[in-house]
Amino acid sequence: MSILHTVNKSPFERNTLMDCLARAKDGAAVLLIEDGVYGALAGTQASDAIAKRGAIKFYALGPDLDARGLAEKPLIDGITLIDYSGFVDLAEAHNPVQSWL
Amino acid sequence: MSILHTVNKSPFERNTLMDCLARAKDGAAVLLIEDGVYGALAGTQASDAIAKRGAIKFYALGPDLDARGLAEKPLIDGITLIDYSGFVDLAEAHNPVQSWL
Amino acid sequence: MKFGILVNEGPFTHQASDSAYHFTKAALEKGHEIVRVFFYHDGVNNANKLSEPQSDDRNLVGMWSALAEEHGVELIVCVAAALRRGIKDELLAAGFTISGLGQLVEAGIIGDRLITFGD
Amino acid sequence: MKFGILVNEGPFTHQASDSAYHFTKAALEKGHEIVRVFFYHDGVNNANKLSEPQSDDRNLVGMWSALAEEHGVELIVCVAAALRRGIKDELLAAGFTISGLGQLVEAGIIGDRLITFGD
Amino acid sequence: MDDFEDDEFDGPVKKFLFLNRKAPYGTIYALEGLEVVLITAAFDQDVSMVFADDGVFQIKKDQETSGINMKNFSPTYRALEGYEVEKVYAEKESLEARGLSEDDLVIPVEVLSAAELAELMDTQDVIVSF
Amino acid sequence: MDDFEDDEFDGPVKKFLFLNRKAPYGTIYALEGLEVVLITAAFDQDVSMVFADDGVFQIKKDQETSGINMKNFSPTYRALEGYEVEKVYAEKESLEARGLSEDDLVIPVEVLSAAELAELMDTQDVIVSF
């Protein structure tokens with residue numbers, strides 16, 4: 001069973017997303033939550049980190065994107081939006097779960 | 001009177017030091033405290049940010065360096081070590097004081 | 001499936017407690033079991049019954065208490081972290097219990113997953 | 001010179017309160033005046049008199065109280081931030097007073113410098 | 001905001017700059033910082049407000065917080081004008097790095113460069129950064 | 001640590017990995033995280049401890065904390081062996097980025113690469129990151 005990584009920090013403020021991606025294996029899942037969802041935006045200085053990692057499945061928490069006014073902004077291709085129920089499903093489908101705090 | 005900037009975050013964890021340096025004018029003072037003192041180390045991936053900014057005066061808080069076991073490690077050239085009393089003097093000699101949190 | 005939840009930050013300052021709450025509630029609604037919610041570091045401040053948010057804001061302490069009441073979720077506050085921060089029995093909101101760090105380890109052993117929410 | 005001090009984090013979790021304390025003490029020892037220490041955000045937790053650190057650890061709440069006692073330093077806790085986090089009059093350690101945000105602004109106006117310690 | 005009357009204070013006027021660098025909701029700093037700005041304005045001080053780094057996200061349009069059960073406080077930025085806070089800036093480099101333009105923002109701002117921000121900071125009496 | 005007797009627990013053994021990513025003293029996570037590791041070892045679990053990112057600074061030699069009036073807890077890492085925590089790693093890339101070598105460390109560690117850390121994480125039942 002592959003790992004679920006969660007990232008809750010803005011890639012513009014901290015190196016957390018890069019720290020995660022440096023240790024995420026192909027086949028793993030990365031879920032962006034809280035301020036981590038800024039990493040899902042297309043066309044930013046931070047977009048390449050995710051856009052260039054094809055073999056990882058990326059998710060972002062919709063309620064956190066909506067709260068931040070990002071519902072209508074284009075996201076990086078291939079990111080799947082989920083809600084808290086989907087977060088639970090992801091945590092069920094993966095093990096262990098590593099939170100990059 | 002020029003600004004005193006304080007930076008209390010590790011440059012390996014956050015972009016705070018870079019955020020500060022992008023808005024620090026020549027002639028300003030930058031004081032590294034708490035985990036910010038890691039930015040004072042020579043020979044790291046983060047050293048260039050400070051080493052290449054000649055027209056700013058850099059300080060680091062000695063008690064914070066000592067606590068982290070860095071008393072004997074080489075620092076970037078031109079960084080002045082001070083204690084809390086020296087911090088007060090710096091705050092007296094500069095205005096305003098901007099804490100990059 | 002059995003989930004253990006670790007909450008490392010207090011209410012309001014960081015979103016961690018909110019996210020943990022929403023995850024826990026969603027897991028319960030899907031029929032999963034919550035082995036335990038363990039409050040560590042500043043997370044112990046979630047148990048402070050004196051917390052009084054503005055009327056148009058969410059009340060996280062009360063939300064956790066309600067989850068304990070309605071679903072029997074165990075809310076454990078780490079004794080060492082709590083003592084340091086001044087969270088004692090007389091401050092505990094309904095449903096919270098102070099206990100040792102062993103309860104966190106046990107949640108990791110018994111649970112199928114341990115999920116951390118923090119800063 | 002007159003310094004105002006702003007403390008934005010609680011004791012222990014971040015070094016902010018320690019750094020603010022050492023700065024304040026050093027300023028007093030050099031003969032400067034501390035207009036006021038204002039506790040905002042999680043900084044309000046510095047006023048919790050129930051805080052009981054381990055015996056070999058520093059006691060930040062007590063250290064601030066002692067500074068108020070020995071040097072007459074005014075320790076003001078923001079009422080809105082404190083209510084939200086459950087810091088009320090009955091929890092206040094010696095020397096701390098709950099008041100409004102205007103006290104922070106006034107410290108900025110009256111003081112020659114306002115220095116912030118936070119996360 | 002409620003515990004202060006506009007005409008109570010009769011002291012000097014200082015230049016206060018509030019430098020907002022944090023994203024909203026992930027932490028409370030943006031919300032509690034905004035309260036300080038409004039109070040300072042009520043003290044008739046010379047207030048400037050700058051959104052830079054992740055702080056520019058505070059004034060992103062279309063915030064819809066019902067899914068996370070938190071209060072959407074972005075409309076409060078519109079109250080700045082009523083408090084006579086008229087010097088409101090966003091930093092160009094911060095907006096660009098995050099793929100944002102002025103059209104994305106919930107209030108009108110003056111866009112300034114990092115170099116201009118550095119100059120502005122240099123002219124202040126007090127800077128408070130959240 | 002004190003409220004638990006070694007022989008109380010008779011359940012299953014799981015693989016716990018503790019990933020230490022924060023510098024000491026600036027925040028309390030390193031100190032309070034170490035207590036979790038020791039307790040987990042007392043539960044006879046299969047414990048691995050990794051220092052990566054700024055976590056490698058936790059085990060820097062020569063910590064002298066009297067100037068900041070905090071307790072130097074770095075000697076406690078030497079107690080890991082007594083708790084039979086024998087799988088202690090530091091990440092090569094994290095050490096190098098910070099100009100550190102094994103000689104800088106207060107305890108012996110096995111140095112592993114980021115790729116090896118990724119493999120190690122993949123074999124665990126529980127990961128807790130401080």
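Keep in mind the model is a prediction, meaning the values are calculated, not measured. Below, chains carry the letters A, B, ... as their sequence lines are ordered, and counting in each starts from 1.
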Task: Between F:Asp62, F:Val106, F:Asp53, the one whose heavy-atom pairs under 4.5 Å with chain B are most numerous - done: F:Asp62
Open item on the list: Can you tell whether the side chains of F:Asp103 and F:Lys61 come within less than 4.0 Å, N to carboxylate O?
Closed with: no
Task: Proximity breakdown for F:Lys60 and chain B, heavy-atom pairs closer than 4.5 Å - done: side chain
Open item on the list: Quick check on the interface: out of F:Gln58, F:Met70, F:Arg98, who has the most heavy-atom pairs with chain B under 4.5 Å?
Closed with: F:Arg98
Open item on the list: Any non-hydrogen side-chain atom of B:Asp64 less than 4.5 Å from a side-chain atom of B:Asn8?
Closed with: no
- [ ] Before accepting this row, confirm whether a basic side-chain N of the pair F:Glu96/F:Lys92 lies closer than 4.0 Å to the acidic partner's carboxylate O.
- [x] yes
Open item on the list: At a 4.5 Å cut-off on heavy atoms, which part of F:Asp54 comes close to chain B: side chain, backbone, both, or neither?
Closed with: side chain
- [ ] Show your reasoning for whether side chain to side chain contact (heavy atoms under 4.5 Å, CB included) applies to F:Met49 and F:Leu80.
- [x] CA-CA 10 Å; F:Met49 190 164 188; F:Leu80 287 168; 3.6 Å; yes
TODO: Answer yes when F:Asp104 and B:Lys73 have at least one side-chain N-carboxylate O distance shorter than 4.0 Å, and no when they do not.
DONE: yes
TODO: Mind telling me whether F:Phe16 and F:Phe18 have parallel, tilted or perpendicular rings, with 30° and 60° as the class edges?
DONE: parallel
Task: Over-ring placement of B:Lys57 relative to B:Tyr59, 6.0 Å and 45° cut-offs - done: yes
Task: Any residue of residues 33-40 of chain B which, by heavy atoms, sits under 4.5 Å from chain F - done: B:Asp35, B:Tyr38
TODO: Indicate yes or no: at least one non-hydrogen side-chain atom of F:Lys71 is less than 4.5 angstrom from one of F:Thr65.
DONE: no
